[in-house]
Amino acid sequence: MPTTRRAHLSAPWSALVLVAVYAVGLGSVVLRPDDNPVAVWWPAAGLSVVLVALTRPGRRELLLVALALVVATGLSNLTGGRSWQVSAFFGVANTAEALVAGLLLRASTAAGAPRVGDLRDLLRLVVATVLGAATIALMLLVAAGPLDLGVPVEVARTVFTSHAAAVLLVVPAALVPRRPRTRTGSAEQTEPRGAARLELPAQVAATALATAAVFLPQDALPLTFVPLVPLTWAALRLGPRLTALELVVFAGTVTVLTQRAEGPFAGNGLGPVAAAGIAQAYLACAVLLTLPLALLLDERNRLFDAIRSERRLFRANFTDSLVGQLLLRQTAAGLVVDEANQTAVDLLGRPHDDLVGCDVDEVVVVEGGSGLAARLRGTGAGWRGQGSVVGRRDARLSISVSRISAGADSPVWSVQLLDVTAEQLAHRRLMDAEKLTSATLDTTACIILVTDLEARIVRVNAATTEMTGYTEADLVGRRLWETTLAPDSAHDLETLFLWPNRSGAPVVREHDAVALGGERRRILWSNNMVRDEEGLPAYAVLTGIDVTTERASAGLVTHLMQAAVSTAIVGLDARGRISVVNSGAEHLLRRESVDLVGLPFTMLLDPEQLQERLGCADHDAVFAALTASLGEEEQPSRDWWWVDGEGERRVVSMSLSATGSEVSAQVGFLCVGRDVTEQRRTQDLVVAALEKERTAVERLQAIDEAKNEFVSTVSHELRTPVTSIVGYTELLQDGTLVAPADDQLPLLDSIARNGQRLIVLCNDLLLLSGLDSGEVSWQAEEVDLAGLLEAVQEATAALLVGRDLDVTWQRPPHPVVTLGDGAQLERVMLNLVANALKFTEDGGVVRVHLDTSPGEAVLVVSDTGIGIPLEEQDGLFERFFRSSTAQEQAIQGTGLGLSIVASVVQAHGGSIAVRSAHLEGSTFTVRLPLQA
């Protein structure tokens, strides 16, 4: 039955108790008989003991309470009219009594505050009360004389009685625990209901009437037992707490009436002091008669409640149990079911009413043939075995029977039925899983060896035979270190068995293994223990993966990273930290790899350039910006400033790429950089030189354009006056104005001839200017080149007069038609033939050949003349070009003819080529597209 343990007093409650100590102490001093130096009842003693007993643990708290009690009780005596010496003595004496009794009560409690909950607590209270009262009595016995308090023995006896009665009455009222009220033989009730609610008022009224009937008259001594009757009623029916409270009220009433000389103790001539002492003894007897009875009855009720609770618990466990339970009773008809819980009803598949009273062998079948009743006959120890449900052979039961009553007439048996159908099914599934495990081991592509605790191989998988050549018969039964597959040191294996690897983490080692054919393989072993249910080692499992190829590749990569190459390779993890560098990076950065690994990659870059390009220098933000688009598209190399270990900046052509694997989309990043500092410096110099050259070319082009414009302007302006001069010269020659003299005719001829030369020169310059500016537009028409060549032959005939040249003309018999301007094309042929004739000395040969090739007309003009030096041929088709040979021989010419030829041919979509050498003649080849 639950109880409420009294808690320690808080500071406000302690202060309230101190105020009560002062108040009741003052009242006791004021109401004491006039002829008695001490109070005949001192309830403040009980309150003081309660305060000490319920004070929080700690020396400091106890000391404060003691000082407070000295002050409170001393003030109550001083205020009541006693001298300060007597008040101080009573303050100390009352505190000493409270400390003795209170500390004894506190020492009886292992945890929490003390209480008065049973007879042992009450006995301890009586002992504490006697010792506390004896303490103050002894102190008065010694100090009564010096303090002039009266006869020491009488004073000590009076104080002992008054203080003992006060403690016995007040302390139980405070320390009796509060419990829910119960009624004997009935269910637990937290509050009385119905007629029970009238019991408390009736009992209180009975106690009041009995007290009045005995203590108001003065000659009712034979009736002093009457108030004990309703108090005993309270002890039997209302519990110890209400009984203790009524005893306090009853004691106060009896004490007051006795001090007023009323009641049976004051009417027998005993005197007020003796009457008060007898009254206090009477009250102590009332406490010792009623309170033990209340505590005993309360303990009995709690025992009854515990029994009822256990019965309910047993019933609940039986009814609500997840295990099927039957109660069997032996009768004359046999062993029948007396009771069954719901689990058993569901398990056996029968209604509860049909199951109760049924023979147990009609519902349960046990293995072995005989029934359950036969198995239990003649035994008292019970039985355990397997069985099934009648009518459901697939339902497997684990049956446990035990005898729960020893009666010979009708023994009762408890049967526990556990459905193990799922367990049997799980066992079969476990066997299937074992087969699946065996198949899995045999199909796993790695070496698996299982050993016992002596490192003796008990099982191998099929992959072991495929990878090593050893069969199961070669390995099973042998110790690991007796094979060529085990790790090199037997100590590692022994450690695996002895070391308590409770974490479950496998032990990973790399060792060389030798196959049956002698091949050495690098095996990564992952070894672990299989433990039983108690955590003890049972088997060892060694799993080996052939990493020979991987280690060879890793060695190659290591060699590559350490090779003396100029390219820097820096591996980065996903957070941008340097994980690996090659020797090229060490050389470029002038730092060792141990100083670089673990650093943020952005620490290699110039922070000023980072701030300029990306707007920040924080590692995470910079690295996120650098790798933002990696994986989506290939990133080109870009120049960055790297800062080496000596603080020098170097230009590095750097490219970043994301690295991944088949398992993970991204593992890290790879940076490849090449030191291009010197290259970029050279490029800057080249760019500067090219810029200068471009500026010079632009200036030359501007000068050339200005020259062309100047030539065009001069030619245009010069043509008009020259034309006028030629016209007037012709007028003078033909005598229109006046007949010239004979000696004037050569002069006029020279003026006319040179004027014509100037006009031709101006026309050529204007034509070139128009071709360069695109202002000349020709009307395209079909032109027969063969006919034009015949006209050229006739036009150049005058140039052969007086010359000794071998001139050959060859043209096809059919027309050679092209699309263009006939006059300009004729001018091309005329200029080429005229140049050949002009630059060929007498006795030379000139060949003019016109022919066709697929899609084009080919005109070839060759001579054996003075030729063109090879080093001067680059400027052959430029304006005013004259070879050094022509200039030395003073051959007249403007140097515009070939420039006009090249421009006209190019304007017609053709091409012109020359083959010549100094004094070896020249060959010009013109190709023009034919009309389709």
Side-chain angles (χ1 to χ4, degrees), residues 1 185-188 302-433 532-534:
M1 179 178 179
S186 64
E188 182 178 339
R302 286 189 284 115
L303 290 176
F304 280 158
D305 292 338
I307 293 173
R308 285 194 298 270
S309 177
E310 290 180 359
R311 289 183 61 186
R312 288 194 299 270
L313 179 62
F314 172 77
R315 193 69 182 176
N317 288 338
F318 177 83
T319 304
D320 301 333
S321 175
L322 298 178
V323 178
Q325 294 190 2
L326 300 176
L327 293 180
L328 306 181
R329 186 178 300 277
Q330 186 68 47
T331 64
L335 194 61
V336 299
V337 178
D338 190 58
E339 187 57 80
N341 67 348
Q342 186 60 40
T343 305
V345 170
D346 297 337
L347 185 60
L348 297 176
R350 292 194 180 190
H352 180 270
D353 295 339
D354 294 345
L355 194 58
V356 174
C358 182
D359 191 284
V360 67
D361 291 333
E362 296 180 1
V363 294
V364 176
V365 178
V366 298
E367 295 180 350
S370 58
L372 184 59
R375 296 293 180 94
L376 298 177
R377 190 176 297 115
T379 180
W383 178 82
R384 183 185 297 271
Q386 300 290 324
S388 61
V389 180
V390 173
R392 293 174 55 199
R393 295 291 181 176
D394 58 329
R396 304 296 299 171
L397 299 177
S398 176
I399 305 174
S400 178
V401 185
S402 59
R403 190 167 182 171
I404 60 175
S405 71
D409 297 336
S410 57
V412 178
W413 303 83
S414 173
V415 181
Q416 293 184 345
L417 304 176
L418 181 63
D419 188 359
V420 294
T421 306
E423 180 182 347
Q424 295 287 341
L425 181 59
H427 179 70
R428 289 196 297 269
R429 291 178 177 175
L430 182 62
M431 296 302 295
D432 295 339
D532 56 17
E533 294 125 1
E534 298 179 358

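The residues of the chain are indexed from 1 along the displayed sequence.
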May I ask you to test the L418-E423 pair for a side-chain heavy-atom distance under 4.5 Å?
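No. Closest side-chain heavy atoms not under 4.5 Å.
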
Quick check: do L417 and V323 have side-chain heavy atoms less than 4.5 Å from each other?
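No, side chains not in contact.
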
Could you tell me which non-hydrogen atom of [X] sits nearest to which non-hydrogen atom of [Y], and how far apart they are?
X    : Y    : answer
R329 : V412 : NH1-CG2, 3.4 Å
V337 : L355 : CB-O, 3.4 Å
D354 : C358 : O-CB, 3.7 Å
V390 : V364 : CG2-N, 3.7 Å
L397 : Q386 : O-OE1, 3.1 Å
A340 : L326 : CB-CD2, 3.3 Å

Can you tell me which residue among V336, D359, V415 is in a side-chain contact (heavy atoms from CB on, under 4.5 Å) with L328?
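One option only clears the test, and that one is V415.
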
Run through D338, V401, L327 and flag the one making a side-chain contact (heavy atoms from CB on, under 4.5 Å) with W413.
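Exactly one option meets the side-chain contact (heavy atoms from CB on, under 4.5 Å) with W413, and it is V401.
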
How many angstroms lie between atom [atom1] of [X] and atom [atom2] of [Y], to the nearest 0.5 angstrom?
X    : Y    : atom1 : atom2 : value
Q325 : S400 : CD    : OG    : 10.0 Å
S398 : R384 : OG    : CZ    : 6.5 Å
Q416 : N341 : CD    : CG    : 10.0 Å

